[in-house]
Protein chains: 2
Amino acid sequence: MTSSWVPDIDPASDFSLANIPFGIISTAAEPEPHAAVAIGSFALDLKVFAANTDLDKIFPGISGLAEAFSQPTLNTFAEMGRAVHRQVRSALQDLLSTATIYPGVLRDNATLRSQTLLPLSTVTMHLPMAIGDYTDFYAGYHHAYAVGAMFRGPENALQPNYLHLPVGYHGRASSVVVSGTPIRRPVGQILPDPAAGGPKQPVTEPSRKLDIELELGCFVARGNKMGAPVPLDQAEEHIFGYVLLNDWSARDVQTWEYVPLGPFNGKNFATTISPWVVLADALEPFRARGIENKTELQGYLREAREESVFDIKLEVDLTTAEGDTTTIGRTSSKYLIWSFPQMIAHHTLGGCPLRPGDLLGSGTISGPGGVDERGSLLEMTENGKKQVLLAGMDARTFLKDGDTITLRGYCEEVGARVGFGQCRGRIYSAVQM
Amino acid sequence: MTSSWVPDIDPASDFSLANIPFGIISTAAEPEPHAAVAIGSFALDLKVFAANTDLDKIFPGISGLAEAFSQPTLNTFAEMGRAVHRQVRSALQDLLSTATIYPGVLRDNATLRSQTLLPLSTVTMHLPMAIGDYTDFYAGYHHAYAVGAMFRGPENALQPNYLHLPVGYHGRASSVVVSGTPIRRPVGQILPDPAAGGPKQPVTEPSRKLDIELELGCFVARGNKMGAPVPLDQAEEHIFGYVLLNDWSARDVQTWEYVPLGPFNGKNFATTISPWVVLADALEPFRARGIENKTELQGYLREAREESVFDIKLEVDLTTAEGDTTTIGRTSSKYLIWSFPQMIAHHTLGGCPLRPGDLLGSGTISGPGGVDERGSLLEMTENGKKQVLLAGMDARTFLKDGDTITLRGYCEEVGARVGFGQCRGRIYSAVQM
Ligand SMILES: [Ca+2]
Ligand SMILES: [Ca+2]
Ligand SMILES: [Mg+2]
Ligand SMILES: [Mg+2]
Ligand code: NI
């Protein structure tokens, strides 16, 4: 990878020249949310850049970019399609390279540089997309197996449909929030002792089993018409990019409510995503094989490509109110048994329309190893039976008020790291009833 | 009720002066979708009306109405709140009355009358709201009981949580369509013989168990902030109005997919709603008691008001491709065990934010009587074991291609009927795989 003229890019930066993730920022100078890309420790303000640059020269043949970059979400840009995303990312990589073919546009233009290249610490990040619908899948094989074995034993760990189709459910779009948004502990209806026989009498209390789910999120670029399924071999064209996703979960609420129609209040209070969308093209060099599925798949789910997922290193940090941080989980996004193209082909099989900006969650991702490879406290603590030991001589079964969870994700290649930045949320006390 | 000067209002019209439902229309003269109300067999074009009227005189103290009525959805108007809806509906009732206090505004203004009062047959109806999230509940007691008894026997018909909380799940907002939109039979993954033992091998085929669900839909007016639950006694203030809702369901797809995370492709291919939103105030005279729940409810679900639901007569017509129509179901929206305020209080208990335009479905509504009071073919035919006899010497277990389903709903009072018009969809053949 060539080098960048942007000052002080840490070789360990998630936002190397190989990445160029897109996000929505606001600044003191431009307080209306608008588009940017991240490079090293800077945001490049694309709205201001577009207003001061001959875009036809830099992005020949693409119209509407200045308008798209002024929008408060990336939906318009996403809908322009993969070819446009590829060309724009590639042109920005050139502009930000030391050996750029257009040195006068930005590299040697001190005025425009000072207007557009803003320290990340000075910009406010917003939700990158207007999310019409959010769907959460369950494709993390080791998570599904571990949770199933916990509740039904190893023989019945996976439901009969699990290896035949990407199980998923509709989530709540309105409560998807950007990294840094405070998370209030939900109050919910809870059965104090679910295993007890006799009549079931719930209570209404703050959740005592507030958990995380480490997931990869995928944003839809172009949608499909109602009644027109997306074939598997065209699904990649419908993907805009990826974010880290923490599907906060109240396990005690979920246990009582979820039969027979699935999770509801146990999930819909909040889902946090990282602010920078890593474009699908940026992850191409990091393809990997997913979990092997020996089931004879239905035709619409049979994938020609073997390397259908990505090897993104994923980490979960827990920081206590006292400020002590412990990395409690380390895994990889390769531990999926269904790829996002398979999820899209299944989602649209019956004709369900996807729209630009729709969000798909992978499901919780856990590795095959010990408790330190798990993407949820449910697994790490065997549903509260064991404790996770923390720095500061602290310990957890589930989250305490004041805890902060930070997800990180990155594909490593020295000086050309493609990472996601942080997906962070701090827990605040429940509303007084 | 006073009489209207609008010509030829049928005493059996759903759109009497007592109703004044709001919708989104487009016309030859005004092709961009915008707001209207229905009166008799006419639409009153509110955009054109607002552009030619002194609104301050008719709706004193309300600002922004002309802008709201020019929008392609009713969301802006809905967000103005119940007091505004009440005042606007009441003023329109006066303007359309024979004894209006402002005869010059419309009654005696032939020019404006001809510009704004448009035969319903000449206007195109659109989805009335931009729906951020769609939640489907399961509050139809007789439906839940009948379906539970069918699959688990009468002793275990209701799940342990059913009488303690309004069970619901997140639906798919992108596939909610307005009455008249063609419905394509979904292809799905199906287990040919779910009851058989041994290994489960699904097939991918057009659904053979395409069904309807007769529901009442409720639109949210004002939302709530994330983390701030809506107390039961304030929930009415968050309701804009109601529509009929047909939650098309592929039973064979649903059966195979729904464990453990709930319905997905069995539901997300289409949900049809009626185009005219009957405002909450228009239904006030038709309050009724819901199904009595003897369970000791949690405090947040305890309702002071006894008449917490509405007695809307509901009917389901099936019209064959040959054109023969049979009314296959007749019931009432009073057969709910949870009210919409209870659903809202539960939905937001953990802090889930509702937004203006969000749609809540009641769940399938069935009466306590025989098969002719049921809101789904699943119940009418005992999951395909029996046939529903139709006019034209035809019969059905589930829907055939070419069938049209029409839902109707109305509160009867001679000359002051408050009805919903039609919620209609015709089934087209599945996509060739
Ligand atoms: Ca999840
Ligand atoms: Ca339903
Ligand atoms: Mg969540
Ligand atoms: Mg539906
Ligand atoms: Ni949604």
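- No part of B:Leu191 comes within reach of chain A, as not one of its non-hydrogen atoms sits under 4.5 angstrom from that chain.
- Residues B:Arg172 and A:Arg355 approach most closely at NH2-N, 4.5 Å, considering heavy atoms.
- B:Tyr138 touches chain A through its side chain: at least one heavy atom from C-beta onward sits under 4.5 Å away, while N, CA, C and O do not.
- For B:Asn161, the parts lying under 4.5 angstrom from a heavy atom of chain A are both the backbone and the side chain.
- With a threshold of 4.5 angstrom between heavy atoms, B:Phe137 approaches chain A through side-chain atoms but not through N, CA, C or O.
- B:Tyr300 touches chain A through its side chain: at least one heavy atom from C-beta onward sits under 4.5 Å away, while N, CA, C and O do not.
- In this structure, chain A has no heavy atom under 4.5 Å from any part of B:Val253.
- Between A:Leu261 and B:Pro263, the closest heavy-atom pair is O-CD, 3.7 Å.
- Residue contact with chain A, scored on non-hydrogen atoms closer than 4.5 Å, involves the side chain of B:Val431 exclusively.
- Between chain A and the residues B:Pro202, B:Gly188, B:Gly168, the most heavy-atom pairs under 4.5 angstrom are made by B:Pro202.
- In this structure, A:Phe264 and B:His346 have parallel ring planes: the angle between them is below the 30° cut-off, well short of the 60° mark.
- Using a 4.5 Å cut-off between heavy atoms, B:Gln159 contacts chain A through its side chain alone, with no backbone atom that close.
- Within the 4.5 angstrom heavy-atom criterion, only side-chain atoms of B:Pro229, from C-beta onward, approach chain A.
- Of the two parts of B:Thr295, neither the backbone nor the side chain holds a non-hydrogen atom closer than 4.5 Å to a non-hydrogen atom of chain A.
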